[in-house]
Every structure is written in C-alpha cells, then in structure tokens.
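This report refers to the structure that appears directly beneath it.
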2 protein chains.
Amino acid sequence: MKFGLRHIRYFIAVAEELHFRRAAERLGIAQPALSRAIRYLEKELGVDLFVRSNRSVAITAAGQTFFDGCLTIVNSVAHVVENTRRVNQGQIGVLRIGYTDTAISGVLPGQLKAFQDQQPGVVLQPHHDVTNTQLQKLDQGVLDFGFVTGPINRSGYEQCPVQSERFVCVVYEAHPLAARKSIRMEEISGEDFVHGSSKDWQQFYSYLFPLCRRSGFEPRIVQEAYNTAGILGLVASGMGVTILTDNVRNSIVPGLVILDFEDVDENLQTMAVWRSDVMSGSKKLFVGFLRDDPLELS
Amino acid sequence: MKFGLRHIRYFIAVAEELHFRRAAERLGIAQPALSRAIRYLEKELGVDLFVRSNRSVAITAAGQTFFDGCLTIVNSVAHVVENTRRVNQGQIGVLRIGYTDTAISGVLPGQLKAFQDQQPGVVLQPHHDVTNTQLQKLDQGVLDFGFVTGPINRSGYEQCPVQSERFVCVVYEAHPLAARKSIRMEEISGEDFVHGSSKDWQQFYSYLFPLCRRSGFEPRIVQEAYNTAGILGLVASGMGVTILTDNVRNSIVPGLVILDFEDVDENLQTMAVWRSDVMSGSKKLFVGFLRDDPLELS
DNA sequence: AATAATTGATGCTAAAAGGGTATCATGAAA
DNA sequence: TTTCATGATACCCTTTTAGCATCAATTATT
C-alpha cells in the first residue's frame with residue numbers, strides 16, 4: 001500500500017462525481033493529474049475501480065467497496081485529529097486528584113464541580129489520601145494533583161492555596177467551657193485531648209503542636225481516631241476535647257459545642273500541589289483554573 | 001489535514017520505538033528525514049506529539065491519543081484494501097439469481113450449494129420468477145443470472161446448459177393408461193389436459209405444443225394452475241392428465257402415475273443466462289463454475 | 001575535569017512525486 | 001459527416017521528500 005490520503009480524497013471525489021473533469025475542479029487540480037492519480041491507485045491496488053467508456057465513468061463493485069471504506073477512513077482521520085487536538089488543549093483528559101479529609105469537607109467539592117462544569121470532557125478521579133501519601137503518589141506520577149495540608153517545600157513542585165481555615169475548639173455540651181462563645185488557648189492547657197492517629201495526622205500536628213507550645217503547654221492526647229467523624233464522636237461521648245478547623249461547622253453533630261480561639265490568628269492552609277515538569281493539557285487547564293479562582297476564605 | 005498515510009506510519013514507528021534513529025532504521029529511511037516528517041506532522045496538527053530531551057523521547061498525552069487513532073487508521077486501511085481486492089476477485093459479493101419452478105426442482109439447489117461451498121463469501125439471493133420475468137430483470141440489471149427454460153436468443157447475453165429433462169406424462173391412478181409403463185404421444189391426443197397458466201408457462205408451451213402437433217393433435221386444456229404443485233393436485237383429483245418433466249418424480253404425490261414417452265427424444269433444456277457486459281468478480285467466478293461443472297443429466 | 005559517545009536538529013543537494021498546459025484518441029450527438 | 005465532450009498522454013516545471021554531512025546538547029567514561 002504505497003498510496004496516501006491524497007489518493008483516497010481524489011478517489012472519493014471521482015466516485016461521487018463519476019466525472020473526472022468535475023472531480024478535478026472540485027479538488028482544485030487539473031484533470032490529467034487526477035487521471036494519473038486514480039490510475040496509480042488502481043495499479044497499486046491491482047483493482048479496476050472505475051470502468052471508463054469515453055463518454056461516461058462507472059464505478060465497479062470493488063470500487064464501491066473501496067469507496068465505502070474510504071469514507072470511513074477519512075472520517076476516522078478527521079475524528080482522530082479532532083480528538084488529538086482536544087486532548088492537547090486539555091478539553092479531554094484524566095486528572096487524578098488526591099484530597100485530605102480537611103480538603104473534602106471544605107471548598108474542594110465545589111471547586112471540582114465548578115471545573116467539571118467548565119470542562120465536561122475532563123474525567124476527574126478523586127483519591128482520598130493523607131498529605132504524605134499524596135506527595136509520594138505525586139512523585140510516582142500516580143497522582144496529577146494533591147490537595148494537602150500546609151505549604152510544602154519540594155523542588156520540582158508548584159502549589160497554590162485553595163483554602164484557609166481558622167482553628168476551633170470542639171467540646172461536649174456538659175463541659176465547663178461549653179457556655180462560652182470563644183476562649184483563649186491557654187484555657188484548655190489542662191484538658192484531655194482526642195485526636196487523629198499520629199501517623200496519618202502528622203501534617204496537622206505540625207501546625208497544632210507549635211500553637212499549643214506557644215501557649216505554654218503540650219496537649220495530652222488520651223484517645224486517637226482515624227478520621228474527623230471518629231474524633232467528633234469521641235468528643236461527643238465526653239472523652240475529651242479537640243482542636244479542628246472551622247469547617248467542622250459543616251457537619252454538625254448533636255451534643256457538641258464549637259468555640260473560636262481569641263488568641264490564634266494562624267490558619268490551616270490547604271494547598272493544591274503538582275509537579276511542574278509533566279504538563280498535559282488538562283493539567284494546564286486545571287492549574288489555570290486554580291490560579292484564576294479567587295481564594296475562598298472560610 | 002495535509003499529512004498523509006506516510007506521516008502516520010512514520011509516527012507509529014517513532015511512538016513504538018521512542019527513538020528516532022531506531023525508528024528510522026525500521027522504516028528504512030535516514031534519521032533526519034524522520035525528524036523532519038514528525039516535526040511537519042506536529043506543525044500540521046498544532047500539537048506536540050513528543051517531548052524530546054536530547055537524550056530521550058517521551059510521548060505526550062495528545063501523542064498517545066493520536067497513536068491509538070493511528071493504529072485504527074492503518075488497520076482500517078489494510079482492511080479496506082483487503083476487502084476491495086476480495087470483491088475484485090469475486091470472493092466477496094452478491095449474486096442475484098432467478099430460477100424457474102423447473103430449475104429449482106432439479107439440479108439448481110445442489111449447484112448453488114456447491115458454489116456456496118467453494119465461495120462462502122459470496123451471498124446468493126435467489127428470486128423465483130418465470131422465464132420472461134427473469135429476462136426482463138436481467139435487462140434492467142436487477143438480476144445477475146437467470147435459470148430459465150430453453151435456449152434464449154438475445155444479443156449481449158451468454159448462456160450455458162445446466163439441466164436437460166425428459167418429458168413425462170402424469171395421469172391419475174384410475175386412468176386407463178395408469179397400468180402402462182410407457183406410452184406414445186398419440187395415445188393421449190384425446191385426453192383432457194391440465195396445465196400451467198398460459199401467460200406464465202409460455203416458454204414451456206413453446207416446447208410442448210410443437211411436440212403435440214408433431215403427433216397430430218392440439219392438446220385440449222380444461223384446467224389451469226399456477227405452479228407444478230397445483231397442476232399435480234388437479235391431475236390427482238381426476239380433472240385430466242398433464243405433461244411435465246422427469247423431475248416430478250422428486251415430488252411424489254399419492255394417486256399419480258408417471259409414464260415415459262416412447263416417441264419423444266427432445267428434452268426440456270434449463271439454461272443459465274447472464275449479460276455479457278457487466279462482469280463483477282463474483283459473476284466471473286460463477287460463470288467459471290457453471291462452465292467447469294459437467295452438465296448433469298437427469 | 002576532560003573526553004568520547006550518543007541523540008535529535010539543521011543545512012545543503014539530489015531525486016522523486018505531483019501538478020499544469022497542450023494535445024490526442026475516441027465515441028456520442030447534431 | 002462534423003462537432004463536441006471525455007479521459008488519456010506527452011512534456012515540462014514546482015514541490016516534496018530523502019540522503020549526507022554536520023551541529024548542539026547531554027550523558028557516560030576515563
């Protein structure tokens with residue numbers, strides 16, 4: 001098969017017009033060139049595609065078969081080109097996105113939905129993982145984006161803040177502080193603390209512990225849970241108090257009271273992070289989206 | 001889209017090797033030519049298909065999409081070429097075949113089956129029609145082959161004998177001649193005859209009437225039916241006798257007796273006929289089959 | 001650190017493919 | 001018969017494509 005798409009396009013024109021001169025006109029070439037191209041095609045195939053009497057052109061059965069195939073081929077080519085361009089521009093693609101407990105209970109769902117609305121051709125694959133696991137998967141190329149806690153400091157990565165939440169104290173209704181609207185950090189220095197497992201909540205602790213130390217105490221953790229819901233459950237049952245972020249207000253559990261801190265100005269940052277080297281079209285689009293979207297403060 | 005199949009083949013080689021020199025080797029061209037061809041392709045598409053660092057080549061997401069598409073395209077092309085060649089050689093195709101009552105009750109079914117076994121890719125479309133209708137449809141190009149009664153005499157047509165049957169006389173059991181094995185034509189000159197409708201059985205009559213006249217009588221037709229089964233039914237009910245061909249022995253009806261003629265040597269010829277101008281591959285194959293196949297005498 | 005080796009890109013030239021104009025041969029229509 | 005329209009052919013020019021030598025950049029080796 002030494003013919004090209006050109007021959008196929010020429011052949012289609014002749015097959016549709018059944019007239020070499022008109023077909024040549026349509027193609028914007030001279031008639032002899034077309035005649036030769038078709039002859040060449042027939043020679044290559046070893047098949048007579050047309051029966052030319054001097055006054056008319058008829059297509060053979062084999063020619064008809066070839067014609068049908070040619071239509072599917074040019075369609076196929078156009079389709080492939082179109083798709084390739086769309087993938088290049090990111091309108092089609094897959095984004096594997098990691099998220100933390102904190103991220104998913106905040107603005108992330110809304111952001112993903114907003115992006116999905118803008119780019120319906122991009123498939124978003126969310127993966128629930130803690131910050132460290134997400135960073136590992138980004139290294140391995142298993143994730144395209146991470147939504148993690150705290151600014152990270154790695155070469156070859158870029159990041160962008162997506163969420164900033166105040167810390168709050170969560171106590172059970174019967175607790176002495178439950179009547180208050182807001183408290184100071186030092187007031188809970190003596191409390192029993194419920195919190196996330198030290199391994200998975202490492203990044204959160206790296207925020208929290210310095211805050212406690214600044215107020216002069218080390219939190220005494222008496223119970224650990226594996227996720228936010230678990231922590232809130234333990235607090236509600238009177239095991240102790242906990243420090244979480246503002247967005248626990250989105251998931252109200254009866255029996256709990258949420259108190260602001262008067263003396264804590266630092267917020268928990270959730271960052272979108274991604275490798276700056278590999279940049280698919282969809283990834284570029286998502287980065288643009290993250291940067292254009294104004295930071296929503298909770 | 002100004003690129004050709006050549007670019008696609010080149011691209012596939014590079015995408016599979018991820019190495020320009022090796023890909024060029026595989027294609028049997030020099031490396032610079034390949035580099036330029038791919039660059040051209042990328043420019044035409046407006047898409048980077050590969051990321052070339054000086055030491056390695058990686059395919060982009062868009063490139064991967066294009067690659068997948070390219071595989072389907074070259075497959076499609078190969079498939080279309082293959083099919084076209086097969087149609088050209090007649091291994092694939094449609095043959096519209098007309099047949100008469102007489103033909104279908106004789107050797108035709110066996111012949112069609114034999115051809116079908118040789119050429120399983122050819123679709124045979126049988127159409128039941130009397131001789132005249134078949135000839136009309138052949139003129140219109142609606143049929144490719146006719147299996148008709150008697151040699152025909154038309155310019156632009158070819159024909160080939162496929163069946164030759166002796167005439168027989170069919171009488172009911174109670175008939176005086178029923179005890180005989182064979183008779184002479186003149187013995188039934190006074191009988192009542194049952195036969196096919198004069199319009200549709202015209203060709204048969206053109207055989208039969210001269211035979212009767214040669215024996216000195218004109219058959220007195222008292223009842224007409226539209227097909228062989230109808231005729232036999234009327235004979236069995238004692239309406240009269242009829243003259244048919246030998247192959248009525250294939251469809252035995254109780255109450256009937258079949259008698260050979262002692263003095264009739266002429267046979268009823270069934271001919272395959274076709275237009276000699278339009279010759280598709282399948283048609284050529286079928287003609288070859290008809291000519292090679294020895295004439296089966298019943 | 002210096003050198004060798006390998007990779008894809010570039011510049012130049014030759015060959016091949018493709019196209020245009022004029023013209024021919026043929027069969028249908030007038 | 002003449003005229004007309006059609007596809008094929010001949011000849012020449014343009015564009016495309018390939019090959020060769022070489023470059024620039026990076027990696028591997030010493």
Side-chain angles (χ1 to χ4, degrees), chain A residues 1-45 47-60 62-63 66-67 70 74 77 156 277-278, chain B residues 1-60 62-63 66-67 70 77 155-156 276-278:
Chain A
M1 296 167 295
K2 282 191 166 183
F3 58 89
L5 292 177
R6 195 176 50 86
H7 294 95
I8 291 180
R9 295 201 192 93
Y10 286 8
F11 169 76
I12 289 176
V14 177
E16 286 180 348
E17 301 284 347
L18 288 178
H19 198 289
F20 278 73
R21 190 178 50 75
R22 277 202 299 276
E25 251 172 55
R26 189 174 115 182
L27 292 166
I29 63 172
Q31 168 262 319
L34 182 56
S35 282
R36 270 176 312 198
I38 300 295
R39 278 244 172 273
Y40 176 84
L41 184 58
E42 290 180 314
K43 194 178 149 200
E44 277 301 311
L45 290 171
V47 172
D48 282 352
L49 299 170
F50 298 104
V51 178
R52 300 112 156 126
S53 74
N54 256 359
R55 204 63 178 182
S56 69
V57 176
I59 194 163
T60 62
F66 190 65
F67 178 70
C70 284
V74 294
V77 169
D277 53 352
V278 190
Chain B
M1 294 169 297
K2 280 190 164 184
F3 58 88
L5 291 177
R6 193 175 52 86
H7 294 96
I8 290 181
R9 295 202 193 90
Y10 287 8
F11 170 76
I12 289 176
V14 176
E16 284 179 352
E17 300 284 347
L18 286 179
H19 198 290
F20 278 74
R21 190 178 51 75
R22 277 201 299 274
E25 253 172 51
R26 189 174 114 185
L27 292 166
I29 62 171
Q31 168 262 318
L34 182 56
S35 282
R36 271 178 312 214
I38 301 295
R39 278 244 173 274
Y40 176 84
L41 184 57
E42 291 181 313
K43 194 178 149 199
E44 277 301 313
L45 291 170
V47 172
D48 283 352
L49 299 170
F50 298 105
V51 178
R52 299 105 154 138
S53 72
N54 257 357
R55 204 65 180 181
S56 70
V57 176
I59 194 164
T60 61
F66 190 65
F67 177 69
C70 285
V77 170
S155 69
S276 46
D277 53 351
V278 190

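- Taken to the nearest 0.5 Å, the CZ atom of A:R36 stands 10.5 Å off from the OH atom of A:Y10.
- Nucleic acid contact class of A:Y10 (heavy atoms, under 4.0 Å, all strands): sugar-phosphate only.
- Of the inter-residue distances, the one linking A:H7 atom NE2 with A:L45 atom CG reads 10.0 Å to the nearest 0.5 angstrom.
- In this structure, B:F11 and B:F66 have perpendicular ring planes: the angle between them is above 60°, well past the 30° mark.
- In this structure, B:E42 places its CD atom 12 Å from C1' of C:dA9, rounding to the nearest Å.
- A:V47 and A:A62 get closest at one heavy-atom pair: CG1-CB, 3.5 Å.
- In summary, contact between chain B and DNA chain D, defined as any nucleotide atom under 4.0 Å from a heavy atom of the protein, begins and ends at D:dT17 to D:dT27 in the 5' to 3' direction.
- If you take CZ on B:R21 and CD on B:Q31, they are separated by 9.0 Å, rounding to the nearest 0.5 Å.
- Residues satisfying the salt bridge (charged side-chain N to carboxylate O under 4.0 Å, His left out) criterion with A:R39, sequence neighbours excluded, are A:E42.
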| task | Go through B:I8 and B:F3 one step at a time and tell me if the side chain to side chain contact (heavy atoms under 4.5 Å, CB included) criterion holds. | result | CA-CA 8 Å; B:I8 290 181; B:F3 58 88; 4.0 Å; yes
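- Rounded to whole Å, atom C1' of C:dG8 lies 13 Å from atom CZ of B:R22.
- Side-chain contact between A:L49 and A:I59 is absent, with no heavy atoms from C-beta onward closer than 4.5 Å.
- The base of C:dG20 sits within donor-acceptor range of the side chain of A:R36, with an N or O pair under 3.5 Å.
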| said: Before you tell me yes or no, could you show the steps for A:L41 and A:R6 under side chain to side chain contact (heavy atoms under 4.5 Å, CB included), namely the whole-Å CA-CA distance, both residues' side-chain angles and the distance that decides it to 0.1 Å? | reply: CA-CA 10 Å; A:L41 184 58; A:R6 195 176 50 86; over 6 Å; no
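- At distances below 3.5 Å, not a single donor-acceptor pair connects side-chain atoms of A:T60 with backbone N or O atoms of A:F50.
- A pairwise comparison of heavy atoms in A:A24 and A:L34 identifies N-CD2, 3.4 Å as the closest pair.
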| task | Decide side chain to side chain contact (heavy atoms under 4.5 Å, CB included) for B:I38 and B:R52; before the verdict, give the C-alpha distance in whole Å, the side-chain angles of both, and the deciding distance to 0.1 Å. | result | CA-CA 12 Å; B:I38 301 295; B:R52 299 105 154 138; 3.6 Å; yes
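- Atom-to-atom, CG of B:L18 to C1' of C:dT7 comes out at 14 Å; the value is rounded to the nearest Å.
- Checked against side chain to side chain donor-acceptor pair (under 3.5 Å), B:R26 has the following partners two or more places apart in sequence or in another chain: B:E16, B:E17.
- In the helix from C:dA1-D:dT30 to C:dA30-D:dT1, the end axes, each obtained as the rotation axis mapping the C1' atoms of four pairs onto the next four within a five-pair block, lie 20° apart to the nearest 10 degrees.
- The CZ-P distance, from B:F20 to C:dT10, rounds to 11 Å in whole Å.
- An OP1 or OP2 oxygen of C:dG19 is reached within less than 4.0 angstrom by a side-chain nitrogen or oxygen of A:R6.
- A heavy atom closer than 4.0 Å to some atom of DNA chain C occurs in B:Q31, B:P32, these being the qualifying members of residues 23-34 of chain B.
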Review item, nucleotides 27-30 of chain C N/O atoms under 3.5 Å of protein N/O:
residue: C:dG27; atom: N2; partner: A:R55; partner atom: NH1; Å: 3.1

